[in-house]
Amino acid sequence: MDTKARQLLDKLNTEHSLQTEEYQYLLDHRNQELMDLAAEYARKYQNQHYGNKVFIRGLVEFTNFCRNNCLYCGIRRDNHNCERYRLSADTIVECANEGYALGFRTIVLQGGEDFSYSDEDICDIIRRIKASHEDMVVTLSIGERSKKSYQKYYEAGARRYLLRHETANPELYAKLHPAELSWDNRMECLKNLNEIGYQVGAGFMVESPGQTTYDLAMDLKFVEEFKPDMCGIGPFISHKETPFANSPSGTLETTLFCLSLLRMIYPQVLLPATTALGTIHPKGREMGIKAGANVVMPNLSPTGVRKKYALYDNKICTGEEAAECLGCLGQRMESIGYKIVTDPGNRAGL
Ligand code: 5AD
Ligand code: FES
């Protein structure tokens, strides 16, 4: 093994911090041996804070209308071959009820940036879910909105918010997004969510088009400094109806290595083994857990709409019922010595 890489990994293991250049050195010298050692260190922290428990979050993809035009995303505004749908408040609440019955204590309401749902609509949905299930944690993932709106959702009962930063490098951010979206505004939103008191999930795509290992190192440094409660990462996967249709997808190896490094950087962080990871490899999510992840997010959306929420090509779990996905994941986790738990799944230390 490269001696310097080994030394850096040991330093990270004791200090939970490296310089951006040092993270880059690790990424540039990744090989199986280094990955195995990082995963071993990562599992030590995973075991210390979460044992062999894997948290579940039920994901309801309630609208694929989006006012944005992110270059990588399959539901971007300019994709006219995307069949659009919106779920009614009643349907969303039914998904939450079904999730609750299946044992989910966290529900994630995710959608494109669809302003046909007013703040009142969103608050109403949150209040209805909380009224039926006091112990269900409502998580939102609906993009950039004003601080005032975020405040209203919090008052209605939402307690977590997922908003990936996508990349910590403003220049790369500008290449992945249209001009009307800015990195500064994304950061402002994350800051606002934090200030209001949400548990915040940030995150980034691994090996998105044009991303260098220095950019990725910046993402690791960002997580080290910002300390989001959750960090969702997955490989970039091309979607045929986007400008990045021909860009190569991110790799399993880099994603797994990043997961292990993130666990070492912030031992308590909530780290999902994402659907994108499960899409690039049939055992991707299991491998993600073994690399240090501790959360899976099965889909609770009605099967009729699942294929339409295609952020990238070949997304898995678009045909299965919620209960099937849950059963499947339960078995997958058991096969590697972990178990799914019915628990709101707070970050350790909260
Ligand atoms: N490949 C991988 N991840 C993607 N996302 C959007 N499009 C893609 C893609 N083509 C991720 C983004 C977004 C999250 C909901 O899905 O990081 O924040
Ligand atoms: Fe919807 Fe990017 S295309 S958030």
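Hydrogens, waters and symmetry mates are skipped; everything else that's a heavy atom, side chains included, is used.
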_Are Thr242 and Arg76 packed together at the side-chain level, in the sense that at least one heavy-atom pair is separated by less than 4.5 angstrom?_
yes
*Does a side-chain heavy-atom distance below 4.5 Å link Leu256 with Thr251?*
no
*asked:* Please verify the inter-ring angle class for Phe226 with Phe222; under 30° counts as parallel, over 60° as perpendicular, anything in between as tilted.
replied: parallel
*Side chains of Asn299 and Ser301: donor-acceptor distance under 3.5 Å anywhere?*
yes
*Do Gln211 and Phe236 touch side chain to side chain, with heavy atoms closer than 4.5 Å?*
no
_Any carboxylate oxygen within less than 4.0 angstrom of a Lys/Arg side-chain nitrogen, looking at Glu120 and Arg127?_
yes
*Tyr100 vs His133 aromatic rings, parallel, tilted or perpendicular, using cut-offs 30° and 60°?*
parallel
*asked:* When you compare the side chain of Glu224 with that of His16, does any pair of heavy atoms fall below 4.5 Å?
replied: no
*asked:* I'd like to know if Glu33 and Arg6 make a salt bridge, using a cut-off of under 4.0 Å between side-chain N and carboxylate O.
replied: no
_Glu241/Arg77 salt bridge by N-O under 4.0 Å criterion_ = no
*asked:* With heavy-atom distances below 4.5 Å as the criterion, would you say the side chains of Leu87 and Tyr85 are in contact?
replied: yes
_Cluster overlap Val137 with Phe62, hydrophobic side-chain contacts below 4.5 Å_ = no
*Hey, could you give me each pair passing ring-ring contact (aromatic ring centres under 6.0 Å, His included) that has a residue in residues 330-350? Not counting sequence neighbours.*
none
*Can you check whether Ile56 reaches Thr106 side chain to side chain, under 4.5 Å on heavy atoms?*
no
*So, is the end of the Lys4 side chain (NZ or CZ) under 6.0 Å from the ring centre of Tyr25 and within 45° of the ring's axis?*
yes
*Have Gln110 and Tyr309 got a donor and an acceptor in their side chains that come within less than 3.5 Å?*
yes
*Show which residues join Met297 in its hydrophobic cluster (side-chain heavy-atom contacts under 4.5 Å, direct or indirect), or state none.*
Tyr50, Phe55, Leu59, Val108, Leu162, Met230, Leu270, Val295, Val341
*Identify whether the distance between the nearest side-chain nitrogen and carboxylate oxygen of Arg186 and Glu166 falls below 4.0 Å.*
yes
*Taking the side chain as C-beta and beyond, is there a heavy-atom pair between Arg86 and Phe65 under 4.5 Å?*
yes
*Check whether any side-chain heavy atom of Leu163 lies under 4.5 Å from a side-chain heavy atom of Arg145, and answer yes or no.*
no
*Any chain of hydrophobic side-chain contacts (each under 4.5 Å) joining Met218 to Leu18?*
no
_Could you work out, with side-chain hydrogen bond (donor to acceptor under 3.5 Å, both in side chains) as the rule, every residue matching Ser260, not counting sequence neighbours?_
none
*Is a salt bridge present between Asp114 and Arg67, judged by a nitrogen-to-oxygen distance below 4.0 Å?*
no
